[in-house]
Amino acid sequence: MVEVKCNRCGKSFKKHKSQIGKNNYCSRECVKRRVKVNCKKCDKSIELQKYKVLKTGNFCSVYCRNEYQKTFTGGKNHFYGKKHTQETKERISKKKRGVKTTKRVELISVECSYCGKHKEVTPYIYKRSENHFCSIECHGKWKSIYNVGENNVNYNFDLTEEERKIRRNYPEYYSFLKEVLDRDNHNCVVCQRKDNLCVHHKDAYHWCKERRTDVSNGVTLCTTCHNHFHSIYTYRNNTEDQFINFYNQYANTELS
């Protein structure tokens, strides 16, 4: 992690070396901050993000842009009297016929940072990041190990350990989630769905502190089954016996 300053407000914050760019912002508010400009055609005031403000001027609508461009006819148009070169004509012709005119970029072989498998990437991707991955799955598994706690770009150094536990924002809890999902093969144990999954605590997180990260106390559910469970037993003081009763009643049935 490297300490950088926000380009908007000047606040210092920590960021991964691979994520440091020309512009760095400490929050979404700083990223989305807008500036006021006037439409080049009707002079109406509009708000845009700073990077969208053009030196040549901005327009409030497509209508204003088209009306403004209509004034550049004849000698006022900077293309007036000019002709395409023969090379440009050939390139346009090939483009219309569906022939590729761009040169192939020479790819670079890299090693997946998680499994070691090799893949090819463009020079731009190679320079952009220190770590490369052969698949989304490898990227996710790598992040679950190396991009947690203080190594995460969103880590808040101002929170106490107790506050992290209340928010479930600590490395042991992330490991708990991963182990439960892997144990259940990323399937809902009730209806066997593989999408929209979450980890449910049999003995509720808020009262059973000693089993908060106990893998035997966690079970994989889809959001539909999870919501259905809590619609019956509410969201507090849940127990393992409640889950056993729920499982016996709804196992292998599709809830809607």
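Each residue takes its place number in the sequence, starting with 1.
- Here the CH2-OG1 distance, from W207 to T239, works out to 7.0 Å after rounding to the nearest 0.5 Å.
- No side-chain heavy atom of K89 sits less than 4.5 Å from a side-chain heavy atom of I92.
- Every pair passing side chain to side chain donor-acceptor pair (under 3.5 Å) that includes a residue from residues 176-190 is listed here, sequence neighbours excluded: K178-D182, D182-H186, D184-T220, N187-K194.
- Taking R212 as the reference, nothing meets the salt bridge (Lys or Arg N to Asp or Glu O under 4.0 Å) condition, with sequence neighbours excluded.
- Side-chain atoms of V199 and F176, non-hydrogen and from C-beta on, do get closer than 4.5 Å to each other.
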Problem set entry | CA sep, side-chain torsions, deciding dist, call: K15, N24, side-chain contact (heavy atoms from CB on, under 4.5 Å) | CA-CA 9 Å; K15 201 172 186 181; N24 302 287; 3.0 Å; yes
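- Using a 4.5 Å cut-off on side-chain heavy atoms (C-beta onward), Y205 and Y173 make contact.
- Residue pairs that meet the side chain to side chain donor-acceptor pair (under 3.5 Å) test with at least one member in residues 37-49, sequence neighbours left out, are K40-Y68.
- L221 and I232 fall within a single hydrophobic cluster, where Ile, Leu, Val, Met, Phe, Trp and Tyr are joined by side-chain heavy atoms under 4.5 Å apart, directly or via other members.
- With sequence neighbours excluded, the residues forming a ring-ring contact (aromatic ring centres under 6.0 Å, His included) with H230 are H200, H226, Y235, listed by chain and number.
- For the pair F59 and L54, the minimum side-chain heavy-atom distance is 4.5 Å or more.
- Remark: the H16 side chain and the N147 side chain contain an N/O donor-acceptor pair separated by less than 3.5 Å.
- The closest side-chain donor-acceptor pair between N58 and K52, if any, does not fall under 3.5 angstrom.
- Of all non-hydrogen atoms in V148 and P171, the two that sit nearest each other are CG2-CB, 4.4 Å.
- Salt bridge annotation for E90-K95: absent, with no cationic side-chain nitrogen under 4.0 angstrom from a carboxylate oxygen.
- The shortest distance between side-chain heavy atoms of Q242 and F246 does not fall below 4.5 Å.
- A side-chain donor-acceptor contact under 3.5 Å links D214 and S216.
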Check residues 75-82 and write down every donor-acceptor pair under 3.5 Å in which the side-chain atom is one partner and the other belongs to a residue at least two apart or another chain.
unit_1, atom_1, unit_2, atom_2, d
N77, OD1, F79, N, 2.8
N77, ND2, F72, O, 3.4
K82, NZ, H78, O, 3.3

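- Of the listed residues (Y250, Y247, Y233), just one forms a ring pair (Phe, Tyr, Trp, His ring centres under 6.0 Å) with H228, and that residue is Y250.
- Taking the centre of each ring, H132 and Y114 stay at or above the 6.0 Å mark.
- With a 4.5 Å cut-off on side-chain heavy atoms, D203 and N238 do not count as touching.
- Contact check for T71 versus T73: no side-chain heavy atoms found under the 4.5 Å cut-off.
- Through direct or relayed side-chain contacts under 4.5 Å between Ile, Leu, Val, Met, Phe, Trp and Tyr, Y124 connects to I108, V110, V121, I125, Y126.
- Taking 4.5 Å as the limit, some side-chain heavy atom of T122 sits within range of a side-chain heavy atom of L107.
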